[in-house]
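For reference, the structure is listed below as C-alpha cells.
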Number of protein chains: 2
Amino acid sequence: MNIGSRLAFLRDQRGLTQEELAASLGISRAALSHYEKNRREPDTETLGKVADLFQVSIDYLVGRTEQSNTVLDPEVRQFADRLELSDDQVLEHFTLTVDGRKLTPEEARRFIAFVRAERDMKI
Amino acid sequence: MNIGSRLAFLRDQRGLTQEELAASLGISRAALSHYEKNRREPDTETLGKVADLFQVSIDYLVGRTEQSNTVLDPEVRQFADRLELSDDQVLEHFTLTVDGRKLTPEEARRFIAFVRAERDMKI
DNA sequence: AATTTACGATACATATTGTATCAAGTCAAG
DNA sequence: CTTGACTTGATACAATATGTATCGTAAATT
C-alpha cells in the first residue's frame, strides 16, 4: 500500500473530485494528482490535513497499517480511562460478559491489554 | 508538539547520539540535526524508519497524538475481532461487568464504539 | 590547556515540489 | 454522431526545499 492509492481510495469513497479535495486541502489539483500517482510526496502538514479531513491516521495514509482509524475517538479513550487497573491480579476480579457469554480468561486478558495499551502503560 | 522535539526526546531517551541515530537511519548527522531543530522535514520513508526503530506511530512522531503506541498490539486487535457486533441494538444484548459492577449504558456504548473503531466500521 | 565529543548553524549544490498547461478519456445533451 | 463539459494523467520548468560539507562553540576528558 502506498499514499497514492490510499488518497485516491478515500477521495473516491467520499465521492469527491480532485478539484474539490485539492481545494479543501489548499493545494492545486495538479499537486493532488501527483500525490495520487505517487509522483510527488505531500509534506507532513498536508498529510495532517488529509488525516483530519478523512479522520484517519497518518500511519494508515502512508500504508504502514491497514487500520484506518489509528486515532481513536476521544470517547473511546475516555471509556478506557474509566476502568481501574492496577496489577496483574485484576484478571481475578475481572468479569466480562458479552451477549450472555462470559469471556474466557484469554479474552479478558486481551481486553486488559487493550486498556493498558490505551493508557500508554506498555512502554 | 513537533517532529523535532519528539525526535530529540526519543533519541535522548535511548541514550543515542545524533551520529548513531543518523547512521541507523542511513542519513547524515547534519540532516538529523535539522530535523530535530525543525529546520528541515524528514520524508515519509525516513519517518517510517524512525517509527519502526522507536516503535511509535508516525502520528505520534509528528505530534498529532500524545499516545506513542498508536500501533496497537496484534493480540489486542484479535480480541476486538472476536466480538460479534451487528447493529445498534447490540446495546440491548450487551452486558459488561467490571469488578462486579455492571457498566452503565453509557460506558457500554463507549466500549462498543471502541470495538467498532477497531473494526473500521465507523466509516 | 589541549583534545575529543556532541551538536548547532550556514552555505551552496542538488533534488524535490508546485503549478500552468496540454492531452486523453468519459459521458450526457443536442 | 458530434460537441462540449468534466475529470484526470503527463510534462516542463520555475520555485522551493533538502542534503551535506564545513565551521563554530560548548562541555567533557585527558
Side-chain angles (χ1 to χ4, degrees), chain A residues 1-66 68 70-71 123, chain B residues 1-66 68 70-71 123:
Chain A
M1 246 332 134
N2 51 55
I3 303 183
S5 321
R6 293 275 206 241
L7 252 177
F9 172 74
L10 288 168
R11 180 174 64 75
D12 272 2
Q13 192 178 256
R14 320 284 162 121
L16 298 173
T17 66
Q18 288 186 344
E19 189 88 30
E20 293 168 331
L21 177 53
S24 296
L25 299 175
I27 61 178
S28 70
R29 185 198 65 81
L32 178 57
S33 172
H34 285 317
Y35 298 157
E36 292 190 1
K37 289 298 166 191
N38 295 301
R39 236 177 257 287
R40 306 283 154 85
E41 232 180 29
D43 59 19
T44 308
E45 186 187 335
T46 303
L47 232 34
K49 285 182 185 170
V50 174
D52 284 341
L53 189 61
F54 292 134
Q55 302 207 58
V56 297
S57 70
I58 292 184
D59 290 85
Y60 170 78
L61 274 182
V62 303
R64 304 187 85 242
T65 173
E66 292 308 311
S68 70
T70 311
V71 179
I123 303 176
Chain B
M1 248 330 137
N2 51 56
I3 304 183
S5 320
R6 293 274 207 244
L7 252 176
F9 172 75
L10 289 168
R11 180 174 62 77
D12 272 3
Q13 190 178 261
R14 321 282 161 125
L16 297 173
T17 66
Q18 288 187 342
E19 190 89 30
E20 293 168 332
L21 177 54
S24 295
L25 299 174
I27 61 178
S28 70
R29 185 196 65 80
L32 178 56
S33 172
H34 284 317
Y35 298 156
E36 292 190 2
K37 288 297 164 189
N38 296 301
R39 235 176 258 288
R40 306 283 154 84
E41 231 181 30
D43 60 18
T44 307
E45 186 187 336
T46 303
L47 232 34
K49 286 183 186 172
V50 173
D52 284 341
L53 190 61
F54 292 134
Q55 302 208 58
V56 297
S57 69
I58 292 185
D59 290 83
Y60 171 79
L61 272 183
V62 304
R64 302 187 85 243
T65 172
E66 293 308 312
S68 68
T70 311
V71 179
I123 302 176

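A note on names: the letters A, B, ... follow the listed sequences, proteins ahead of strands, and every chain is numbered from 1.
To the nearest angstrom, C1' of D:dT8 lies 11 Å from CG of A:Asp12. Distance A:Gln18 CD to C:dG25 P: 17 Å, rounded to the nearest Å. Atom CG of B:Leu7 and atom P of C:dG8 are 12 Å apart (whole Å). Atom-to-atom, CD of B:Glu19 to C1' of C:dG8 comes out at 14 Å; the value is rounded to the nearest Å. Here D:dG9 presents its C1' atom at 16 Å from CG of A:Leu21, a figure rounded to the nearest Å. Separating the CG atom of B:Leu25 from the C1' atom of D:dT18 is a distance of 16 Å, rounded to the nearest angstrom.
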Nucleotide-resolved protein contact map, nucleotides 23-30 of chain D, B/S/- at heavy-atom distance under 4.0 Å: --------

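Across all non-hydrogen atoms, the minimal contact from B:Leu21 to B:Arg11 is CD2-CD, 3.7 Å. The two residues A:Glu45 and B:Glu41 make their nearest non-hydrogen contact at N-OE2, 4.4 Å.
Checked by atom type and distance alone, the side chain of B:Asp59 never pairs as donor or acceptor with a backbone atom of A:Ser57 at under 3.5 Å. In this structure, B:Arg29 contributes its side chain and B:Gln18 its backbone to no donor-acceptor pair below 3.5 Å. The closest donor-acceptor contact from the side chain of B:Arg40 to the backbone of B:Ala31 lies at 3.5 Å or more, if one exists at all.
B:Ile58 places none of its side-chain heavy atoms less than 4.5 Å from the side chain of A:Leu47. Two residues are said to be in side-chain contact when any heavy atoms from C-beta on lie closer than 4.5 Å; A:Ile3 and A:Pro42 meet this criterion.
Both tests pass for B:Arg6 against the ring of B:Tyr60: distance under 6.0 Å to the centre and angle within 45° of the axis.
Across residues 31-46 of chain A, A:Ser33, A:His34, A:Lys37, A:Arg39, A:Arg40 each have a non-hydrogen atom less than 4.0 Å from an atom of DNA chain D (numbered order).
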